[in-house]
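Here is the structure we will look at, set down as structure tokens.
Because the structure is a prediction, the values reported are computed rather than measured. We number each residue from 1, following the sequence as shown. Computed from heavy atoms alone, side chains included, the values below leave out hydrogens, waters and symmetry copies.
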Amino acid sequence: MPSLCHKVPSTGKCHASMTTSYMETSDVTDLDWENLGFGLIETDFMYVAKCGTDGIFSKGEVLPFGPIALSPSAGVLNYGQGLFEGLKAYRKTDGSILLFRPEENAIRMLSGAERMCMPAPTVEQFVDAVKQTVLANKRWVPPTGKGSLYIRPLLIGSGAVLGLAPAPEYSFIIFVSPVGNYFKEGLSPINLIVEDKFHRASPGGTGGVKTIGNYASVLKAQKIAKGKGYSDVLYLDAVHDKYLEEVSSCNIFVVKDNVISTPAIKGTILPGITRKSIIEVAQSKGFKVEERLVCVDELINADEVFCTGTAVVVSPVGSVTYMGKRVEYGNQGVGVVSQQLYKSLTSLQMGNVEDWMGWTMQLNQ
């Protein structure tokens, strides 16, 4: 599949050849930014790089967004050999674009790839590919305060394989979509139900890496919960059925007095980058943060509960239902700690304050 534009390393732009150049698509797209939800909006370009048996990824190309060709015997289709990442780009008030901690996603993909017997792009390759993809689609980055550009890197076993074995070829793909709030409630509190029949992960499994199979397994419990009016599901550990793990696609935090507690990373919980960032921001503000086993009973007397993730950022929890008992927090309002941490983190991400943490990366357009 030929590229329709040629990358110029010195400028990060694209020469016009058979189609519109990056420069000519620099204006912000005309969308209904006020009602932007969390769903796919097809953009202009995607990034594709391939890797053979030598374990080295090709330079990669920025191509028009569209379907990809896969053999029915591709490793990702038959044995689920695939990983994905999620990160965001934000537009500042001056029109410039910021990435938030992309190197952390690259490091997490490397760790997940090792667990899944896959080669992965280097940190430098990953970050450069993200930059190229965002700049190629920069007209889709929402105006300040109207949302963000969600970036989805994929690493999949694209080579054909019949017997159970690692695929002989891999594809690294990045596509993007402008998004608004993940939960329809926005920053308003969500309502969770503790799952007591299904488990998301077990010790020794792949719960601690961002493999595609982790998410298919939560769909049934999530569907049942949403059918009952809940926003999402909170999972317990698979051994004792008493310790908090995480929500379907985000980490969980419990606040009591001036202490913020979150389940420790022990192989069954995804090491969220937003989770890590919130912990560091909270500590910088004087909160004591504990990473430990958090018993489900601690939800009863908690002052606040909130979730974190790339998609949700910080999502306050208004209630948790466990074994038929509903516990509410803050009269269904946004908790003081949740609000403070949300404001601090989003101000950093969007460039509204000086980046004292050194987490953002400005793209040269």
Side-chain angles (χ1 to χ4, degrees), residues 40 46-58 60 66-87 105-121 125-126 129 150-177 195 197-225 232-233 235 237-239 245-251 265-273 309-311:
L40 177 65
M46 63 183 184
Y47 177 93
V48 180
K50 298 280 188 178
C51 172
T53 54
D54 61 0
I56 301 174
F57 278 85
S58 63
I68 58 174
L70 283 176
S71 166
S73 190
V76 66
L77 298 180
N78 290 264
Y79 301 117
Q81 202 182 17
L83 298 164
F84 74 90
E85 280 296 325
L87 62 157
N105 295 89
I107 293 168
R108 189 168 65 180
M109 178 169 275
L110 279 165
S111 175
E114 193 278 331
R115 175 65 177 84
M116 299 295 289
C117 275
M118 304 167 73
Q125 285 175 316
F126 182 103
Y150 187 84
I151 306 161
R152 173 57 59 85
L154 293 164
L155 181 63
I156 61 173
S158 51
V161 58
L162 188 59
L164 179 57
E169 177 195 84
Y170 296 86
S171 295
F172 176 51
I173 301 166
I174 304 176
F175 67 92
V176 298
S177 175
E195 178 56 52
K197 294 183 177 64
F198 299 104
H199 292 100
R200 177 190 164 274
S202 59
T206 59
V209 299
K210 207 167 175 66
T211 180
I212 59 178
N214 290 350
Y215 296 85
S217 64
V218 307
L219 294 177
K220 183 170 184 177
Q222 189 183 64
K223 181 179 179 180
I224 293 170
D232 214 326
V233 174
Y235 289 89
D237 74 288
V239 177
E245 293 243 302
E246 61 180 87
V247 181
S248 300
S249 60
C250 40
N251 297 112
I265 302 296
K266 293 183 178 293
T268 57
I269 299 170
L270 188 73
I273 294 161
T310 298

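Distance check: Ile173 CD1 to Ile156 CD1 gives 4.0 Å after rounding to the nearest 0.5 Å. To the nearest 0.5 Å, the span separating CG on Leu270 from OG on Ser249 amounts to 10.0 Å. In this structure, Leu87 CG and Tyr150 OH are separated by 8.0 Å, a value rounded to the nearest 0.5 Å. With rounding to the nearest 0.5 Å, the separation of CD1 in Ile212 from CD in Gln81 is 9.5 Å. Lys220 NZ to Phe198 CZ: the interatomic distance, rounded to the nearest 0.5 Å, is 4.5 Å. Distance check, rounded to the nearest 0.5 Å: CG of Leu155 to CD1 of Ile174 gives 10.5 Å.
Residues Glu245 and Arg200 are not paired through a salt bridge, judged by the lack of any N-O separation under 4.0 Å between the basic side chain and the carboxylate.
Distance alone, capped at 3.5 Å, is enough to place a donor-acceptor pair between the Ser73 side chain and the Val161 backbone. A side-chain donor-acceptor contact under 3.5 Å links Ser58 to the backbone of Lys50. Side-chain N or O atoms of Gln222 include none that pairs as donor or acceptor with a backbone N or O of Val233 at under 3.5 Å. Without hydrogens or angle criteria, Glu195 side chain to Ala225 main chain gives no donor-acceptor distance under 3.5 Å. Side chain of Asn78 to backbone of Leu162: no donor-acceptor contact under 3.5 angstrom is found.
Side-chain contact check for Ile273 versus Asn105: some heavy-atom pair is nearer than 4.5 Å. Counting heavy atoms from C-beta on, the side chains of Phe172 and Met109 come closer than 4.5 Å. A heavy-atom distance below 4.5 Å is found between the side chains of Thr268 and Pro203. Contact check for Arg152 versus Thr310: no side-chain heavy atoms found under the 4.5 Å cut-off. Taking the side chain as every heavy atom from C-beta outward, Arg115 and Thr211 never approach each other to under 4.5 Å. Contact check for Val218 versus Tyr235: side-chain heavy atoms found under the 4.5 Å cut-off.
Nearest heavy atom pair, residue Ser71 against residue Ala160, reads OG-CB, 3.8 Å. Looking at every heavy atom in both residues, Ala49 comes nearest to Gly60 through CB-CA, 3.7 Å. Ala201 approaches Ala238 most closely through the heavy-atom pair O-CB, 3.5 Å. When all heavy atoms of Thr206 and Asn214 are compared, the pair lying nearest together is O-ND2, 2.9 Å. In terms of heavy atoms, Ser158 sits closest to Ser171 at OG-OG, 2.8 Å. Closest non-hydrogen pair, Cys117 versus Pro166, comes out as O-CB, 3.9 Å.
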>> One pair to check against side chain to side chain contact (heavy atoms under 4.5 Å, CB included): Leu110 and Phe126. What are the steps and the verdict?
In response: CA-CA 10 Å; Leu110 279 165; Phe126 182 103; over 6 Å; no
